[in-house]
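Single-structure report; data block below.
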There are 2 protein chains.
Amino acid sequence: MSPSAETRPPSEARARLLGTATKIFYSEGIHSVGIDRITAEAQVTRATLYRHFSGKEDLILAYLDQADRGIRAQVAAAVSGTPSAAGQVRAVARSIVDGIRSPGFRGCAFLNAVAEYPDPEHPVHRAVLAHRQWFLDTVTGLLARVGEGRAPVDAAGRHLVMLRDGAMAAGCLFDPELISETFLHGVEGVLRDVSEKSSA
Amino acid sequence: MSPSAETRPPSEARARLLGTATKIFYSEGIHSVGIDRITAEAQVTRATLYRHFSGKEDLILAYLDQADRGIRAQVAAAVSGTPSAAGQVRAVARSIVDGIRSPGFRGCAFLNAVAEYPDPEHPVHRAVLAHRQWFLDTVTGLLARVGEGRAPVDAAGRHLVMLRDGAMAAGCLFDPELISETFLHGVEGVLRDVSEKSSA
DNA sequence: AGCGAGGTAGAACGTTCGGTCTTGTCGTGC
DNA sequence: GCACGACAAGACCGAACGTTCTACCTCGCT
C-alpha cells in the first residue's frame, strides 16, 4: 500500500520535504511545479530529495498517501465522536464543509490530481480511484446503519458522494458559504430518503 | 469575450490546430502536453501555430471558448426542443448524461482546466468562472419557470449545479451508467423540491 | 579512532519546454 | 506577371525540466 515502501525511514528533512510538497502540490497543482521549487522551499538539496524518494512520482504518491491518511483520520474522528448513525453522517458532512470553509481550500486533492493524470493505468490515477472507492464504501456503510434494512443504500451512497464531489469542486470557485449550505441541505435530503424508504 | 480576437481569421490549418488542441487538451490535460505534440498531430508547423495564436495560452483559451460555445449550443438545443419548463430541465440533464455515457468522456473540460490553473487571476481560471456563472444563471432561470413564483430557486439552481459537477467529476472515475442514474434521480429530486415549495 | 548514514553544496547530464527566426514554395487576387 | 499571404521545414534560443554525480561535512555508534 505504502507508495514509498522502498525509500528511507522518516527524518526531519523528509518530513519537511513531504510537508512542502503537500502544500505546493495542493495549492498550485502538480505538473506546473518543479523539483527545484520544492527542494528550495523545503530548504533541502536535490540529492536529499532523491535519497528519500525515488523520483517526483514517488513524492506525488507520498503526498496523496498523506492526504488519504488525513481524510481517513478525519472521518474516523467524526464517526467515533457521534453515537447515532445519522449523526455520524452529519458529522462527516460537517467535517467536509469545515474544509470547504477553511482559508486555503483549493478543492479535493484527489480530484485535482486525477485531472492531471487521466491515464487510468498511471499510479497516481490508481491512487485516486482507491481513495474514492474507500470513501464510497465508508459512506455507504454509514448510510446502511441509518436506514437499517434493505433500503437502496447503494444509490444513496452514490448520491452523497456526488454531492460531495460537486461541493468540493465548486467550493473554491464559488462562495464557500453558499456551497456549504447547499451541500448540507442535500445531505439532509439523502438522510431523509434513506430513512423514509427503509420505514416504508 | 473572444480570446483570440486579435488573431487571424479562420482557415483550414487553424481549424485543424484548434481541433487537435481540443482533442488532446481534453483527453490528456493541458500542462502535460507541449506545443510540439499539437503541431505534429495537426500536421502543422510551429510557425503556423504562432501565426494564428499568440502563444500556448491563447490556444488554451480558444479551446475553452470552443467548449463553451459547444455547451451553450447543446443547452439551447435541449431547451428549444421542449415546451414545458420541467421538460427543459430534464432535456438539459439528459444532454449531460449523454456526454457522460459517450466513449471519450473525460469529465468537465472546465473543471479539469481549473484544476491546472488555481490562480484566480489567470485568464484560464477566469474563463472557467465565466462559463460556470453562465451555466448557473441559465439553470436557475429554467428552474424559476418550473416553480413559477417566489420559490427558493437560487438554492435549487446551486443544488442542480452541484449534482452536475459531481456527476461530471465522477463520470470518468466510476461506472458512467450508475453515475448517470444517480444524477437523473437527483435532478428529479430538485424538480420536486421546486414544484412543491412553489405550490405551498 | 574510525566508520557509515544522512546531510549540504553545487556542477552537470540530456531532454523538453515555449517561442523566434530564416528560407523556400505554393496559390490567389490584383 | 507579379506581389503577397498562407504554409512547410527546420535551425535556433534561453530556460526549465527530472535526474545523477562528486565532494565535503558531521553526527552517532562501536
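Here is how names work: the chains are called A, B, and so on, in the same order as the sequence lines, proteins then strands, and each is numbered from 1.
Taking atom CG of residue A/L17 and atom C1' of nucleotide C/dG6, one finds them 13 Å apart after rounding to whole Å. The separation between B/D36 atom CG and D/dA11 atom P is 13 Å, rounded to whole Å. Remark: P of C/dG19 and CD1 of B/I35 are 6 Å apart, rounded to the nearest angstrom. For the pair A/K56 NZ and D/dA16 P, the interatomic distance rounds to 15 Å; values are reported in whole Å. Between the CD1 atom of B/I38 and the P atom of C/dG18 there is a distance of 8 Å, given to the nearest Å. Distance B/E12 CD to C/dC26 P: 18 Å, rounded to the nearest Å. A/Q43 has its CD atom 12 Å from the C1' atom of C/dT8, to the nearest Å. The interatomic distance linking B/L49 (CG) with D/dA8 (P) rounds to 11 Å, in whole Å.
Looking at B/V79 and B/L142, their side chains come closer than 4.5 Å, going by heavy atoms from C-beta outward.
Of the candidate nucleotides C/dT8, D/dC7, D/dT19, C/dT8 has the atom lying nearest to any side-chain atom of A/T45. The side chain of A/R51 sits closest to C/dG6 out of C/dG18, C/dG6, D/dT19.
Residue B/T48 places none of its side-chain N or O atoms closer than 4.0 Å to OP1 or OP2 of D/dC7. OP1 or OP2 of D/dC7 sits under 4.0 Å from a side-chain N or O of B/H52. For D/dC7, one of the phosphate oxygens OP1 or OP2 lies less than 4.0 angstrom from a side-chain nitrogen or oxygen of B/S11.
Among the heavy atoms of the strands, none lies under 4.0 Å from A/E57.
Taking for each of A/A47 and A/R37 the nucleotide of DNA chain D with the nearest heavy atom, the 5'-most of the two is the partner of A/R37.
Between A/R69 and A/D65 there is a salt bridge, since at least one side-chain N of the basic residue sits less than 4.0 Å from a carboxylate O of the acidic one.
Below the 3.5 angstrom threshold, one finds a donor paired with an acceptor across the side chain of B/R46 and the base of C/dG19.
Listed here is the closest heavy atom pair of B/V44 and B/L49: CG1-N, 4.1 Å.
When the shell of 6.0 Å around CD of B/Q133 is examined, it contains more than 12 heavy atoms from other residues, nucleotides or ligands.
Checked by atom type and distance alone, the side chain of B/Q66 never pairs as donor or acceptor with a backbone atom of B/T22 at under 3.5 Å.
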